[in-house]
Amino acid sequence: MDTQQVFNDSYQRCTKDKQFFYTFYDIFWQKDEKFRRMFASTDMGKQIKMLKLSIVLLMLSTSSKESRELFNTYAERHGRGGLNVSPIDFDIWLDSLLETVAISDPLFNADVDTAWRACFQRGLALMKAACEPHSPTSTNH
C-alpha cells in the first residue's frame, strides 16, 4: 500500500464534501466541552482555513528545513506558553478527524484509517512533545 497516495486520494474525496471541516468540528466538540469553549469566540471561516493549513503542516512537518521551522512555530503556539493544549488532546483530535473521514469518504476502510494515522504520526508526535509539561529537573542547553 502506498500510504501517501491512499491518504491523498481519501483527503481529496473528503474535501468534495463541503461540510467536511464543519462536521469535524461538530464531532470534535462533542468529545469534551473544553474543546467547544476553546473555539467559542472563533471566526469559524478563519478556523477552517487554519485546519486546512494544519493538515498540510502535519504532512510536511519533517520534509524540509522551512516546513520544520514553520511547524515548530505552530507546535509552540499550541504548547504551554500558548494555547496550553494537552498531548492527549491530539489523540482526540485525530480520532475525531478519522470519524469525519469515515463519514465523508465513501471508500473509507481500514487501509484509509491506517494511511491517515501513518501520515500524521510524526507531526502529531512533535505536537505532543511541544505540549508536554516540562519536568522541574529537565534543563535546556
Side-chain angles (χ1 to χ4, degrees), residues 2-141:
D2 181 344
T3 302
Q4 186 67 51
Q5 190 62 52
V6 171
F7 167 81
N8 289 341
D9 291 347
S10 174
Y11 185 64
Q12 187 173 37
R13 289 187 300 269
C14 287
T15 56
K16 286 180 182 176
D17 175 357
K18 301 297 182 207
Q19 293 301 308
F20 176 73
F21 297 104
Y22 293 97
T23 301
F24 160 74
Y25 280 109
D26 287 342
I27 291 170
F28 185 53
W29 292 338
Q30 290 175 26
K31 301 299 179 187
D32 192 315
E33 183 61 31
K34 72 179 180 179
F35 300 130
R36 184 177 298 281
R37 286 191 309 267
M38 288 172 79
F39 295 93
S41 61
T42 302
D43 175 332
M44 287 312 293
K46 288 181 181 177
Q47 187 59 38
I48 297 296
K49 289 178 184 175
M50 285 303 301
L51 178 57
K52 291 177 184 179
L53 176 61
S54 299
I55 290 171
V56 171
L57 285 176
L58 282 166
M59 293 298 300
L60 300 176
S61 61
T62 58
S63 65
S64 70
K65 182 181 179 194
E66 294 81 14
S67 64
R68 279 191 303 275
E69 289 172 359
L70 181 59
F71 185 80
N72 287 338
T73 300
Y74 183 74
E76 288 172 13
R77 182 174 185 274
H78 284 76
R80 292 186 61 177
L83 298 172
N84 200 26
V85 175
S86 168
I88 191 73
D89 293 342
F90 293 102
D91 294 328
I92 296 167
W93 180 90
L94 181 60
D95 288 343
S96 298
L97 185 59
L98 285 166
E99 283 183 48
T100 310
V101 172
I103 292 166
S104 299
D105 181 352
L107 301 179
F108 183 83
N109 60 25
D111 287 343
V112 171
D113 184 277
T114 298
W116 279 75
R117 290 181 189 280
C119 287
F120 287 167
Q121 184 176 11
R122 276 191 188 161
L124 286 177
L126 293 170
M127 292 293 290
K128 288 178 180 183
C131 295
E132 283 290 339
H134 298 293
S135 68
T137 58
S138 69
T139 58
N140 293 328
H141 296 281

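As a basis for the values below, the full set of heavy atoms in this structure was taken, side chains included, without hydrogen atoms, waters or symmetry mates.
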The reported gap from CG in D89 to CG in D32 (rounded to nearest 0.5 angstrom) is 7.5 Å
Hey, is CD on Q47 packed in by over 12 heavy atoms from elsewhere, all under 6.0 Å?
-> yes
Shortest non-hydrogen contact between L94 and F120, atoms and distance = CD1-CD1, 3.6 Å
If you round to the nearest 0.5 Å, how far is NZ of K52 from NZ of K49?
-> 8.0 Å
Taking the side chain as every heavy atom from C-beta outward, state whether C119 and T3 have any atom pair closer than 4.5 Å.
-> yes
Can you sort out the partners of F35 under ring-ring contact (aromatic ring centres under 6.0 Å, His included), two or more places apart, ordered by chain and number?
-> F28
Heavy-atom neighbours of K46 NZ exceed 12 at 6.0 Å | no
Going by atom types alone, do Q5 and D9 pair a side-chain donor with an acceptor below 3.5 Å?
-> yes
Only residue of V101, I55, T114 satisfying side-chain contact (heavy atoms from CB on, under 4.5 Å) with F7 is I55
How many angstroms lie between CD1 in I103 and CZ in F108, if you round to the nearest 0.5 Å?
-> 10.0 Å
Can you run down the side-chain hydrogen bond (donor to acceptor under 3.5 Å, both in side chains) pairs that involve residues 91-102, sequence neighbours left out, and say none if there aren't any?
-> K31-E99, D91-K128, D95-R117
Check whether the side chains of Q12 and N8 place a donor and an acceptor atom closer than 3.5 Å, and report yes or no.
-> no
Under the ring-ring contact (aromatic ring centres under 6.0 Å, His included) rule, collect the residues that match up with Y25, sequence neighbours excluded.
-> W29, F39
Euclidean distance, D105 CG relative to K16 NZ, rounded to 0.5 Å = 10.0 Å
Search all heavy atoms of N109 against all heavy atoms of D111 and return the closest pair with its distance.
-> OD1-N, 2.9 Å
Minimum-distance pair of heavy atoms, taken over all atoms of C14 and W116 | SG-CZ2, 4.3 Å
Closest heavy-atom contact between V112 and V6?
-> CA-CG1, 3.9 Å
Interatomic distance, F90 atom CZ to L97 atom CG [nearest 0.5 angstrom] = 13.0 Å
